[in-house]
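Contents: one structure, followed by commentary.
Since we're looking at a predicted model, the values are computed, not measured.
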2 protein chains.
Amino acid sequence: MPVRATSSKHAPRARGDHEGNSLRKAFFEIRELIVHGRLSPGSWIVEADLARHLSMSRTPVRSALHWLQREGYVIEHKNARKSRMIVAPLTKEDAGELYSIIGHVEGLAGRRTAALPKASRVELAGRLKGFNNQLREILTAKDSRAAGIFDLDRNFHRSIIESGAGPRLLALHKSIEPQAERYWRLYASSIINDLHLSVAEHDEIIAAIVAGDAVRVERGLQANWENGCNRLAHVIDIFGERGSW
Amino acid sequence: MPVRATSSKHAPRARGDHEGNSLRKAFFEIRELIVHGRLSPGSWIVEADLARHLSMSRTPVRSALHWLQREGYVIEHKNARKSRMIVAPLTKEDAGELYSIIGHVEGLAGRRTAALPKASRVELAGRLKGFNNQLREILTAKDSRAAGIFDLDRNFHRSIIESGAGPRLLALHKSIEPQAERYWRLYASSIINDLHLSVAEHDEIIAAIVAGDAVRVERGLQANWENGCNRLAHVIDIFGERGSW
DNA sequence: GTATCCAAGATTGTAGACAATCGGTATAGT
DNA sequence: ACTATACCGATTGTCTACAATCTTGGATAC
């Protein structure tokens, strides 16, 4: 048996097929699956299945799962020495902590945004108003294209963070925010009904940014998340937690 | 050449040798190397070398490096499709952002600590006083057992966080705090000279905890980090940044 | 002497192989 | 029938192999 066959068993890839980074792909795709609820909370993850689904080997999938674990999307069910991974369950308590953290992270970034030169702040406020008005439209039209809501709200917040945060804070935000989104998506009803409250809170945040009032921006962002958390908690009380039993 | 020798090439391990988790070991050991400056900022990381050093294969080392990258200990020097990892450099700007983040994270946890029942707060304050008094001793004795200082300060802060933070916030703190420690260690002189300031700030924090005044605890923690950051910035101005060129 | 190209070495990214372990099921003993 | 044990499939943890790519050094041409 030839030790080294030139035409190898190692899946020779077409020339342009080398998609730089399987790991990154695995990370984002799996995260997407979790955030959108296709992998349900509490359910049980098998590396090989995911690898097949993504048509790659277990190696990058495995690394991606470790990332997801460190960021809290996936938790370790320890059994003696081996660890099994399960999709992190959705609990009221976890939501509370998560929203509190993201509120403070955004608050910190928002404070810096408020310190930007006036021109930048006004320009930013313009974009924010755009997002918020679209939300308002959906609201008044009673048109529940819920899909767009998530994107609009995310863009609203992300615009603020990107304006003010440095690379570290931005990375932190990017790693936390999708987890909040996960709660929204899976308890979507909480958003739709109380959307007008959030829209009003956004108006206040925009005003604070235009005014360049750091404390007010921070408070506004924190309040937006805190209130969102309360609204969410109410829904969780009704529909129950998912994935923890 | 036998394709499958029973006594395998796969490094048969002695019975008790199965050290649960190479990955975890790699992560913490490499982090230790970075935090303690044995891998200098800006220097260039070779997976195989580390694997040899830790006597394991590249696979767990590689995963560990990815964790470290996501947490900011290591950064990616992108070249087309391949990425080379380098130890994250120490810059004044990064320090500013880092300290600001950790100040807010601790502030958030401290706020919850202030809401604990009085008995717990008093018990905690007792422990904190213990740490702080030891710091004071080192200070008055002019005995520069610098080694102990890091541990004492870390224990001081960690005790507060562990009392108040939930699992998520705690994990976040644990991932950020060593990076602040890294700056201390590598610019150690900044700590020694201004230690008395930090000790005084700690006293204020303890008092606020005993009083159960959430806002004051938060402010005290944030101030401690912010002042520490200023002290550090001064040292960086003198000695220069490391690893960025 | 300098610039350019090519070959060899070094390094990373992914795959697949193997061993250890877990969980459950079938089987034997009482 | 009930418990204890031995096997078996499933799954994870780690290793080595190999391909793609990058870097470096030198040989060659000008």
Side-chain angles (χ1 to χ4, degrees), chain A residues 1-27 29-30 43-69 74-87, chain B residues 1-27 29-30 43-69 74-87:
Chain A
M1 165 178 196
V3 175
R4 178 172 315 195
T6 46
S7 147
S8 100
K9 63 189 174 180
H10 284 279
R13 359 172 49 119
R15 186 69 188 172
D17 186 11
H18 191 285
E19 295 284 21
N21 232 336
S22 296
L23 206 177
R24 212 161 282 253
K25 181 184 168 199
F27 176 78
E29 294 220 10
I30 298 172
S43 82
W44 175 336
I45 298 178
V46 176
E47 295 173 357
D49 291 352
L50 280 174
R52 253 194 309 281
H53 180 72
L54 301 173
S55 35
M56 56 179 71
S57 90
R58 272 179 51 218
T59 309
V61 169
R62 189 174 171 67
S63 285
L65 284 175
H66 284 302
W67 290 14
L68 291 164
Q69 184 195 337
V74 153
I75 64 178
E76 204 173 14
H77 210 61
K78 302 195 77 143
N79 265 353
R81 331 200 145 193
K82 225 158 214 165
S83 81
R84 310 216 129 158
M85 303 260 205
I86 67 173
V87 180
Chain B
M1 167 179 195
V3 174
R4 179 172 312 195
T6 47
S7 145
S8 101
K9 63 191 174 181
H10 284 280
R13 0 175 48 121
R15 184 68 188 171
D17 187 11
H18 191 285
E19 295 284 20
N21 231 334
S22 295
L23 207 177
R24 211 160 281 251
K25 181 183 167 198
F27 176 79
E29 292 220 13
I30 298 173
S43 82
W44 184 20
I45 298 178
V46 177
E47 296 174 357
D49 291 352
L50 279 175
R52 254 193 308 283
H53 180 71
L54 300 173
S55 34
M56 56 179 73
S57 92
R58 272 179 49 222
T59 309
V61 169
R62 189 177 170 67
S63 285
L65 285 175
H66 284 301
W67 290 16
L68 291 163
Q69 185 196 337
V74 153
I75 64 178
E76 204 174 13
H77 210 58
K78 299 197 78 138
N79 263 355
R81 337 204 138 187
K82 227 155 215 172
S83 81
R84 307 216 129 159
M85 304 262 205
I86 66 173
V87 180

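At the phosphate of C:dG13, neither OP1 nor OP2 sits under 4.0 Å from any side-chain N or O atom of A:Ser22. Listed pair A:Arg62 / D:dG13 meets the phosphate criterion, a side-chain N or O lying under 4.0 Å from OP1 or OP2. A sub-4.0 Å separation between OP1 or OP2 of D:dC15 and a side-chain N or O of B:Ser57 is present.
For C:dG13, the base has a donor-acceptor partner in the side chain of B:Arg58 [N/O atoms by modelled type, under 3.5 angstrom].
Rounded to a whole Å, the CD atom of B:Glu47 is 14 Å from the C1' atom of D:dC15. Note: CG (B:Asp49) to P (C:dT11) measures 7 Å, nearest angstrom. For the pair B:Arg52 CZ and D:dC15 P, the computed distance is 14 Å after rounding to whole Å. Rounded to a whole Å, the CD1 atom of A:Ile86 is 16 Å from the P atom of D:dT11. At whole-Å resolution of the value, NE2 in B:His77 and P in C:dT12 are 13 Å apart. To the nearest angstrom, P of D:dA20 lies 18 Å from CZ of B:Arg84. Between the C1' atom of D:dT21 and the CG atom of A:Asn21 lies a distance of 14 Å, rounded to the nearest Å. As a whole-Å value, the separation of B:His66 NE2 from C:dT14 P is 8 Å.
In terms of position on DNA chain D, the residue among B:Trp44 and B:Met56 whose nearest nucleotide sits closer to the 5' end is B:Met56. When each of A:Pro60 and B:Met85 is assigned the nucleotide of DNA chain C bearing its nearest heavy atom, the one mapping closer to the 5' terminus is B:Met85.
With rounding to the nearest 0.5 angstrom, the CD atom of B:Glu29 is 10.5 Å from the OG atom of B:Ser22. Within the model, atoms CG of A:Asp49 and CG of A:Leu54 stand 11.0 Å from one another, a figure rounded to the nearest 0.5 Å. Distance check, rounded to the nearest 0.5 Å: OG of B:Ser63 to CZ of B:Arg24 gives 12.0 Å.
Of the candidate nucleotides D:dT14, C:dG13, C:dG16, C:dG16 has the atom nearest to the side chain of A:Thr59. Distance from the side chain of B:Leu23 is smallest for D:dT14 among the nucleotides D:dT14, C:dT12, D:dG13.
Among the heavy atoms of the strands lying under 4.0 Å from A:Ile45 are primed sugar atoms or P, OP1, OP2 only; no base atom is included.
The shortest side-chain heavy-atom distance between B:Glu76 and B:His66 does not fall under the 4.5 Å cut-off. Using a 4.5 Å heavy-atom cutoff, the side chains of A:Ile30 and A:Val74 are not in contact.
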